[in-house]
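Heavy atoms only: backbone and side chains are in, while hydrogens, waters and symmetry mates are out. Residue numbers start from 1 in every chain, and the chains themselves are labelled A, B, ... in the order their sequence lines are given, proteins ahead of strands.
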Amino acid sequence: MTVVTRFAPSPTGFLHIGGARTALFNWLFARHHGGVFRLRIEDTDRQRSTKEAIDAIIDGLKWLGLDWDDETVFQFARAPRHAQVALEMLKQGKAYYCYTTPEELEQMREAARAAGKPMRYDGRWRDRDPKDAPPGVKPVIRLKAPTSGETVVHDKVQGEVRVSNEQLDDMILLRSDGNPTYMHSVVVDDHDMGITHVIRGDDHLTNTFRQLQIYQAMGWEPPSFAHIPLIHGPDGAKLSKRHGALGVEAYRDMGYLPEALRNYLLRLGWGHGDDEIISTEQAVQWFDLDGCGRAPSRFDFAKLDNLNGHYLRQADDARLVQEVALRLGVTGDATTEERLTIGMPGLKARAKTLKELADNARFYTLKRPLAPDDKARAQLTAEASKVLKELRGVVAGSQSWSGADLEAAARGFAKAKGIKLGQIAQPLRAALTGATTSPPIFEVMQVLGREETLGRIDDVLAGS
RNA sequence: GUCCCCAUCGUCUAGAGGCCCAGGACAUCACCCUUUCACGGUGAAGACACGGGUUCGAAUCCCGUUGGGGACGCCA
């Protein structure tokens with residue numbers, strides 16, 4: 001049997017981090033089994049669904065590198081099919097019209113809460129003749145759920161979970177306006193789309209009982225279920241769009257690499273022994289539901305940063321140059337891009353994110369004269385200027401402008417003067433980068449080139 | 001309130017009765033490397049929530065307590 005999984009977000013917000021992980025797990029599971037991964041947009045909430053959200057979700061998935069198979073299914077377009085199934089259940093006596101008003105339901109809930117009972121619909125129209133229907137009330141269609149026994153979910157992650165049917169009430173399948181409810185649409189769509197494995201957030205575990213009852217009523221074979229624990233914020237509270245969680249595009253903007261986010265998300269709630277750095281190819285090979293944990297995990301930026309730093313150092317320089325140029329607004333500037341290209345190895349070892357990388361690379365793109373920051377300015381004492389001036393003389397006529405030769409020259413100069421290399425390097429760094437930290441300074445000189453280097457030194461000498 | 005789920009270092013996790021006075025990673029601290037900052041290397045500190053069982057033996061099984069989370073909509 002071919003494995004078919006799906007990701008079914010509702011387009012009422014961006015693709016948040018929890019959704020991204022759910023998508024990743026579904027994608028990984030499908031790819032691991034050589035199966036099919038499908039996308040279904042659950043846009044039945046016409047009020048809150050937006051085109052922007054749909055685009056954001058699709059862009060987010062693409063950016064993460066999660067490709068899906070077949071046509072994207074839009075749930076709202078299938079409303080007639082959902083209604084058809086509800087009517088079918090009605091005909092078979094598995095469902096019934098209910099004329100209870102929202103006000104009555106509210107009273108029911110109040111009473112239940114006061115009595116310490118579970119809040120549920122009392123089934124007052126279950127066996128009543130629709131002829132008794134009050135005039136002017138449009139009915140909903142409710143499932144005639146079993147009143148005794150229990151419903152059991154054989155969950156691939158959570159194990160066997162059971163609940164007494166007395167806890168469940170007759171849920172609404174079709175609203176009074178004829179539109180299907182989420183519970184109903186999901187079941188019909190998963191069935192029609194041939195979904196074999198439903199991998200989703202833990203928050204749907206208790207919904208599964210009710211969905212199972214629909215499968216039973218229709219005599220359909222239910223898919224396998226796997227409920228993965230939710231991702232929480234650093235404070236332990238649920239991390240979801242309703243709590244202002246960030247969309248994946250925010251992570252992109254913060255400068256995280258998709259492969260780093262994928263690796264991080266994979267390790268949140270899933271493990272493979274002591275392995276931490278896991279390539280996507282490796283993940284496809286290893287992924288299984290057994291590796292999923294059952295406890296919720298907290299989102300930790302420090303670890304994401306570390307992983308991102310790893311993938312940054314691993315990343316192709318040309319790709320990084322483009323990313324940095326884009327962030328610095330110097331795309332297409334040949335001289336600058338060349339500097340970035342030569343300087344990238346030294347730059348990328350020092351950054352955790354693309355944002356940081358761009359910030360650190362900025363001094364390569366700046367036009368003279370530089371505006372040193374406060375710490376750099378403090379380095380540029382009168383004493384330092386004297387050293388710089390002498391060093392300029394030593395270096396200006398140098399045959400080679402390679403980092404190694406420049407360093408050798410500087411070391412020789414320091415030795416002759418009886419000073420430490422740092423006493424030369426730091427003022428030089430301040431002059432050339434306008435900062436107190438940077439890639440190795442002789443490498444910086446090489447990247448900048450003779451003319452620019454001497455120019456930046458002269459700027460400082462002229463200013464003091 | 002009712003029901004459901006969960007519980008190992010600060011965080012992510014390994015651990016599926018003896019291999020564990022609990023391993024790895026991130027973060028933290030120290031040292032090394034070093035022209036700065038990083039990277040890298042070495043090391044330190046740091047956890048089985050609590051209480052009962054079961055067993056020759058429990059982080060691992062059972063029960064309870066506590067704590068956390070989730071679901072209870074004509075939202076998804």
Side-chain angles (χ1 to χ4, degrees), chain A residues 8-12 42-45 47-49 75 98 100-102 105-106 109 112-120 138 140-142 153 155 158-159 161-164 166-169 171-177 179-183 185-186 201-210 227 229-230 232 234 236-238 242 264 267-277 290 293-307 309 313 346-352 360 379 407 410-411 414 420-426 428-430 433 435-442:
Chain A
S10 58
T12 55
E42 308 215 318
D43 56 351
T44 52
D45 185 336
Q47 246 66 51
R48 298 194 300 146
S49 296
Q75 192 163 56
C98 167
T100 309
T101 63
L105 285 172
E106 191 45 47
R109 276 184 214 111
R113 188 186 291 271
K117 295 246 176 64
M119 290 178 274
R120 47 195 280 282
K138 281 192 148 186
V140 298
I141 294 180
R142 282 184 187 270
V153 179
D155 197 275
Q158 304 293 343
V161 186
R162 50 184 67 227
V163 73
S164 159
E166 283 143 39
Q167 293 296 330
L168 275 19
D169 62 1
M171 79 183 116
I172 294 174
L173 266 18
L174 221 56
R175 292 187 252 262
S176 53
D177 65 2
N179 283 317
T181 59
Y182 160 78
M183 288 289 181
S185 321
V186 165
D202 221 354
D203 49 343
H204 287 289
L205 183 57
T206 49
N207 288 336
T208 309
F209 298 124
R210 316 178 95 95
H227 289 91
L230 265 18
H232 289 172
K238 185 185 178 184
R242 291 177 191 182
Y264 178 70
R267 287 289 292 110
L268 222 47
W270 184 85
H272 186 270
D274 285 340
D275 296 304
E276 296 288 347
I277 303 291
D290 295 338
R294 272 161 298 167
S297 42
R298 301 182 183 203
F299 195 88
D300 180 20
F301 272 102
K303 184 141 184 174
L304 209 209
D305 280 349
N306 175 272
L307 234 22
R313 270 168 258 135
L347 249 16
K348 70 180 182 182
R350 293 171 168 71
K352 301 277 193 209
N360 293 346
Q379 286 282 338
E407 178 172 349
R411 281 186 189 277
K420 288 184 184 170
L421 189 57
Q423 290 175 266
I424 297 171
Q426 280 308 88
L428 202 48
R429 193 183 314 280
T433 72
T436 49
T437 67
S438 81
I441 199 61
F442 303 109

S.K.: Searching all strands shown, indicate the nucleotide that pairs with B:C31 (Watson-Crick or G-U wobble; both distances under 3.5 Å).
M.R.: B:G41
S.K.: Who does B:U65 pair with, Watson-Crick or G-U, both distances under 3.5 Å?
M.R.: B:A49
S.K.: Just to verify, what does A:Asp177 make a side-chain hydrogen bond (donor to acceptor under 3.5 Å, both in side chains) with, not counting sequence neighbours?
M.R.: A:Asn179
S.K.: Between protein and nucleic acid, restricted to nucleotides 45-50 of chain B and to nitrogen or oxygen atoms under 3.5 Å apart, what atom pairs and distances do you find?
M.R.:
none

S.K.: Which one, B:A76, B:C74, B:C12, comes nearest to the side chain of A:Gln75?
M.R.: B:A76
S.K.: According to salt bridge (charged side-chain N to carboxylate O under 4.0 Å, His left out), who are the partners of A:Arg313, at least two apart in sequence or on a separate chain?
M.R.: none
S.K.: On RNA chain B, does the nearest nucleotide to A:Leu268 precede the nearest nucleotide to A:Asp177 from the 5' side, or the other way round? Give the residue.
M.R.: A:Leu268
S.K.: Do A:Ile441 and A:Thr433 come within less than 4.5 Å of each other through their side chains, counting heavy atoms only?
M.R.: yes
S.K.: Verify the contact: side-chain N or O of A:Arg120 to OP1 or OP2 of B:C72, cut-off strictly under 4.0 Å; return yes or no.
M.R.: no
S.K.: Can you tell me the pairing partner of B:C26 across any strand shown, Watson-Crick or G-U wobble, with both distances under 3.5 angstrom?
M.R.: B:G10
S.K.: Could you work out, with side chain to side chain contact (heavy atoms under 4.5 Å, CB included) as the rule, every residue matching A:Leu421, not counting sequence neighbours?
M.R.: A:Ala410, A:Arg411, A:Phe442
S.K.: Using the side-chain heavy atoms of A:Glu407, tell me which of these nucleotides is nearest: B:G24, B:U35, B:C74.
M.R.: B:U35
S.K.: Tell me every residue that passes side chain to side chain contact (heavy atoms under 4.5 Å, CB included) with A:His204, counting only those two or more places apart in sequence or in another chain.
M.R.: A:Tyr182, A:Arg200, A:Asn207, A:His227
S.K.: Mind checking side chain to side chain contact (heavy atoms under 4.5 Å, CB included) for A:Arg120 and listing every partner two or more places apart, or none if nothing turns up?
M.R.: A:Pro118, A:Asp169
S.K.: Which is true for A:Gly293 with a 4.0 Å heavy-atom rule: it touches a base, it touches only sugar-phosphate, or it touches nothing?
M.R.: nothing
S.K.: What nucleic acid atoms does A:Thr100 come within less than 4.0 Å of, heavy atoms only: base, sugar-phosphate, or nothing?
M.R.: base
S.K.: Could you pick out which residue, A:Leu174 or A:Gly273, lies toward the 5' side of RNA chain B when each is mapped onto its nearest nucleotide?
M.R.: A:Gly273
S.K.: Please enumerate all residues that pass salt bridge (charged side-chain N to carboxylate O under 4.0 Å, His left out) together with A:Asp45, with sequence neighbours excluded.
M.R.: A:Arg48
S.K.: What does the list of N/O pairs under 3.5 Å between the protein and nucleotides 36-38 of chain B look like, with a distance for each?
M.R.:
{"from": "B:U36", "atom 1": "O4'", "to": "A:Gln426", "atom 2": "OE1", "distance (Å)": "3.0"}
{"from": "B:U36", "atom 1": "O2'", "to": "A:Thr436", "atom 2": "O", "distance (Å)": "3.0"}
{"from": "B:U36", "atom 1": "N1", "to": "A:Arg429", "atom 2": "NH2", "distance (Å)": "3.2"}
{"from": "B:U36", "atom 1": "O2", "to": "A:Arg429", "atom 2": "NH1", "distance (Å)": "3.4"}
{"from": "B:U36", "atom 1": "O2", "to": "A:Ser438", "atom 2": "N", "distance (Å)": "2.8"}
{"from": "B:U36", "atom 1": "O2", "to": "A:Ser438", "atom 2": "O", "distance (Å)": "3.1"}
{"from": "B:U36", "atom 1": "N3", "to": "A:Arg429", "atom 2": "NH1", "distance (Å)": "3.2"}
{"from": "B:U36", "atom 1": "N3", "to": "A:Ser438", "atom 2": "O", "distance (Å)": "2.6"}
{"from": "B:U36", "atom 1": "O4", "to": "A:Pro440", "atom 2": "N", "distance (Å)": "3.2"}
{"from": "B:C37", "atom 1": "O2", "to": "A:Arg350", "atom 2": "NE", "distance (Å)": "2.6"}
{"from": "B:C37", "atom 1": "N3", "to": "A:Arg350", "atom 2": "NE", "distance (Å)": "3.0"}
{"from": "B:C37", "atom 1": "N3", "to": "A:Arg350", "atom 2": "NH2", "distance (Å)": "3.0"}
{"from": "B:C37", "atom 1": "N4", "to": "A:Arg350", "atom 2": "NH2", "distance (Å)": "3.4"}
{"from": "B:A38", "atom 1": "O2'", "to": "A:Ala349", "atom 2": "O", "distance (Å)": "2.7"}

S.K.: Can you measure from CG (A:Asn306) to OH (A:Tyr264) and round to the nearest 0.5 angstrom?
M.R.: 11.0 Å
S.K.: Measure the distance from OH on A:Tyr182 to C1' on B:C72 and round it to the nearest whole Å.
M.R.: 14 Å
S.K.: Just to verify, what does A:Lys348 make a side chain to side chain contact (heavy atoms under 4.5 Å, CB included) with, not counting sequence neighbours?
M.R.: A:Asp317, A:Leu320, A:Met344, A:Leu357
S.K.: Distances for protein N/O vs nucleotides 4-11 of chain B N/O pairs under 3.5 angstrom?
M.R.:
{"from": "B:C5", "atom 1": "O3'", "to": "A:Gln158", "atom 2": "OE1", "distance (Å)": "3.4"}
{"from": "B:C5", "atom 1": "O2'", "to": "A:Gln158", "atom 2": "OE1", "distance (Å)": "3.3"}

S.K.: In whole angstroms, how far is the P atom of B:A25 from the NE2 atom of A:His272?
M.R.: 17 Å
S.K.: Please identify each residue that fulfils side-chain hydrogen bond (donor to acceptor under 3.5 Å, both in side chains) with A:Glu42, with sequence neighbours left out.
M.R.: A:Arg40, A:Gln75
S.K.: Please pick, from B:A71, B:C75, B:A27, the nucleotide with the shortest atom-to-atom distance to any side-chain atom of A:Asp45.
M.R.: B:C75
S.K.: Watson-Crick or G-U wobble partner for B:A71, using a 3.5 Å limit on both distances?
M.R.: B:U2
S.K.: Below the 4.0 Å mark, does B:A76 have OP1 or OP2 next to a side-chain nitrogen or oxygen of A:Thr44?
M.R.: yes
S.K.: Separation of A:Asp274 atom CG from B:G23 atom P, in whole Å?
M.R.: 11 Å
S.K.: What distance, rounded to whole Å, do you find between the two C1' atoms, one in B:C29 and one in B:G10?
M.R.: 14 Å
S.K.: Could you pull out all donor-acceptor pairs under 3.5 Å where a side-chain atom in residues 294-303 of chain A meets a protein atom, sequence neighbours excluded?
M.R.:
{"from": "A:Arg298", "atom 1": "NH1", "to": "A:Pro234", "atom 2": "O", "distance (Å)": "3.0"}
{"from": "A:Asp300", "atom 1": "OD1", "to": "A:Ala302", "atom 2": "N", "distance (Å)": "3.2"}
{"from": "A:Lys303", "atom 1": "NZ", "to": "A:Glu276", "atom 2": "OE1", "distance (Å)": "3.3"}

S.K.: For A:Asp305 and B:C39, what is the distance between atoms CG and P respectively, to the nearest whole Å?
M.R.: 11 Å
S.K.: Report yes if the side chains of A:Leu307 and A:Ile277 come closer than 4.5 Å at any heavy-atom pair, otherwise no.
M.R.: yes
